[in-house]
Amino acid sequence: MALSMRCNVKSVFRFIHKSNSNRRLFKAGKATTSSSRSKGLVFSGIQPTGVPHLGNYLGALESWVALQNEYSTVMYSIVDLHSITQPQDPQVLRDNIIDMAASLLACGIDPTRSILFQQSQVSEHAELSWILGCLTSMPRLRHLPQWKMKSKQKNEGSVGLYMYPVLQAADILLYKSTHVPVGEDQIQHLELAQDLARIFNNQYGEFFPEPRALLSDTRKVKSLRDPSSKMSKSDPQRFSTVFLTDTPDDIALKIRRAVTDFTSEVTYEPDTRPGVSNLVSMHAAVSGQTVEGLLRLAEGMDTGQYKNVVAEAIIQKLQPIRLEIQRLRADRGYIESLLAQGAEKARSLAAPVMTEVRKLVGFY
């Protein structure tokens, strides 16, 4: 149950002042030149399911932005081929692609430092997926989490859903990717890409590198209404998820209604106090401070007061992103142009790889 939101306003502002004065600063540093970046190619994809939420941003997108300074080639794909394994309204899908592109750009994905493109506009993804599918056994796919989770819900599923992990592997191998940023729940799908690289190489000669995982150390953001579950776009409870386009009033209301417990003290105990611990994790992630530091600063505050501080920190973090998404959404032509340029760059890398694949397989 959420605690009463009565708070001592003076103590809240005293906390914010202490927090700002003791904050550990995170500097972007000097822009790294292409010659000083690590060699290798980073690839990752994200489905166009609308505007990302706070968990997406802290769990993946922040690290995506940082990787642009660390590797010589970085590719981010809006994977619309993956999205149609579930029924889609065509116009909603078109709008979601634009919304996702706008969100990625607003979060800091820079088309001059990375390649941002729409997966379906590079036909080589589908072609390589077919070839790799012919090297993949059905039992191997049957035990992957995507199929087990989605097919159990309806006790059936499409061929596209079944082949989803093979298309993921094709996305990665098509560009001879060396590194893939993933969450712990995606490791099995990356392992399939590694396995298929080995199978292809054993059959046709050394060609594909085995991609390595780049694991994020960011704490998972939990639902505000059910802290035993991850924050999710599909959660039916409207106060459970903070979206990047939420207004300050939306965010403040959602944080005020976040589930905590009957203990007023602010502590970090994920197993026994998941609700308040989730607030501390979010606060640490958006402020760049340590959990230990925040707990020291929160001494003497109850969870009701602390919620106001957390809400303010999230608002400060997301407000520039929200405004930039609004600006970009209003210029659809600009986004479509950027995606077209990105697809052209992606095709220039994919085409020579597929030419060699066709030769190795024996098509010509």
Side-chain angles (χ1 to χ4, degrees), residues 40-48 60 64 67 71 73-86 115 117-151 157-216 343 346-347 349-361 363:
L41 189 149
V42 172
F43 179 93
S44 195
I46 188 167
Q47 285 200 41
W64 281 20
L67 288 170
Y71 287 87
T73 306
V74 181
M75 304 184 72
Y76 297 128
S77 179
I78 299 174
V79 289
D80 49 343
L81 291 176
H82 288 288
S83 67
I84 64 169
T85 57
Q86 302 293 321
I115 298 173
F117 70 103
Q118 186 178 337
Q119 178 195 33
S120 64
Q121 302 309 301
V122 182
S123 60
E124 287 86 351
H125 284 260
E127 183 180 358
L128 183 57
S129 179
W130 174 259
I131 293 170
L132 296 178
C134 295
L135 301 175
T136 311
S137 72
M138 294 176 68
R140 181 74 169 84
L141 295 181
R142 198 176 296 126
H143 295 292
L144 289 172
Q146 180 74 18
W147 174 256
K148 287 195 293 185
M149 179 180 68
K150 294 289 179 67
S151 62
S158 68
V159 173
L161 180 63
Y162 194 72
M163 292 287 289
Y164 185 108
V166 179
L167 180 56
Q168 280 188 318
D171 295 337
I172 296 165
L173 298 182
L174 179 59
Y175 302 100
K176 293 191 169 183
S177 308
T178 58
H179 296 84
V180 182
V182 294
E184 291 180 2
D185 55 346
Q186 299 168 311
I187 286 292
Q188 284 182 282
H189 285 158
L190 180 60
E191 288 174 346
L192 177 65
Q194 294 168 335
D195 289 346
L196 287 174
R198 285 192 290 268
I199 292 169
F200 186 95
N201 293 345
N202 288 337
Q203 187 159 336
Y204 299 110
E206 287 297 319
F207 186 71
F208 289 119
E210 291 183 28
R212 298 171 57 188
L214 293 173
L215 281 172
S216 171
R347 281 193 296 269
L349 297 177
V353 172
M354 278 310 303
T355 297
E356 291 302 312
V357 168
R358 294 183 197 113
K359 289 178 181 178
L360 289 170
V361 170
F363 292 162

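For the single chain, residues carry numbers from 1 onward in sequence order.
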Where do Leu196 and Leu135 come nearest, in terms of heavy atoms and distance? CD2-O, 4.1 Å
How close do Ser44 and Trp64 get, heavy atom to heavy atom, and via which atoms? OG-CZ2, 3.1 Å
Could you tell me whether the side chain of Ile46 reaches within less than 4.5 Å of the side chain of Tyr76, counting heavy atoms only? no
Would you give the length of the straight line joining atom CG of Leu81 to atom CD of Gln121, rounded to the nearest 0.5 angstrom? 9.0 Å
Side-chain contact test, heavy atoms from C-beta onward, threshold under 4.5 Å: evaluate it for Phe208 versus Arg198 and give yes or no. no
What's the shortest heavy-atom distance between Asn201 and Phe207, and which atoms? OD1-N, 3.0 Å
Is any side-chain heavy atom of Phe363 closer than 4.5 Å to a side-chain heavy atom of Met354? no
Thr178 and Pro211, any side-chain heavy atoms less than 4.5 Å apart: no
Do His179 and Leu67 come within less than 4.5 Å of each other through their side chains, counting heavy atoms only? no
Any side-chain heavy-atom pair of Leu192 and Leu141 under 4.5 Å: yes
Is there a side-chain contact between Val353 and Tyr175 (heavy atoms, below 4.5 Å)? no
Roughly how far, to the nearest 0.5 Å, is CG of Leu41 from OH of Tyr71? 11.0 Å
Please answer whether the main-chain N or O of His125 pairs with a side-chain N or O of Ser129 as donor and acceptor at a distance below 3.5 Å. no
CA sep, side-chain torsions, deciding dist, call: Val74, Phe43, side-chain contact (heavy atoms from CB on, under 4.5 Å): CA-CA 6 Å; Val74 181; Phe43 179 93; over 6 Å; no
Closest heavy-atom pair, Ala343 versus Val122, reported as atoms and distance to 0.1 Å, is O-CG2, 3.9 Å
With no hydrogens and no angle check, do the side chains of His82 and Gln47 hold a donor and an acceptor under 3.5 Å apart? no
Counting only heavy atoms not in Arg212 (residues, nucleotides, ligands), do more than 12 fall under 6.0 Å from its CZ? no
Looking only at heavy atoms, which two atoms of Val166 and Gly133 are closest? And how far apart? CG1-N, 3.5 Å
Out of curiosity, Leu190 CG to Gln194 CD, how far, rounded to the nearest 0.5 Å? 4.5 Å
Do Arg347 and Glu124 sit within salt-bridge range, that is, some charged N less than 4.0 Å from a carboxylate O? no
Working for side-chain contact (heavy atoms from CB on, under 4.5 Å), residues Leu349 and Leu174: CA-CA 8 Å; Leu349 297 177; Leu174 179 59; over 6 Å; no
Heavy-atom closest pair, residues Ser177 and Ile172: OG-O, 2.7 Å
Flag the pair Gln186 / Gln168 as yes when at least one side-chain heavy-atom distance between them is below 4.5 Å, and no otherwise. no
Could you state the interatomic distance from CG (Leu173) to CZ (Phe200), rounded to the nearest 0.5 Å? 9.5 Å
Criterion side-chain contact (heavy atoms from CB on, under 4.5 Å) on His143 and Gln188, from CA distance to verdict: CA-CA 10 Å; His143 295 292; Gln188 284 182 282; over 6 Å; no
I would like to know whether Leu161 and Gln86 meet side-chain contact (heavy atoms from CB on, under 4.5 Å); could you show each step before the answer? CA-CA 8 Å; Leu161 180 63; Gln86 302 293 321; 4.2 Å; yes
When rounded to the nearest 0.5 angstrom, what distance separates CE in Met138 from CZ in Arg140? 14.5 Å
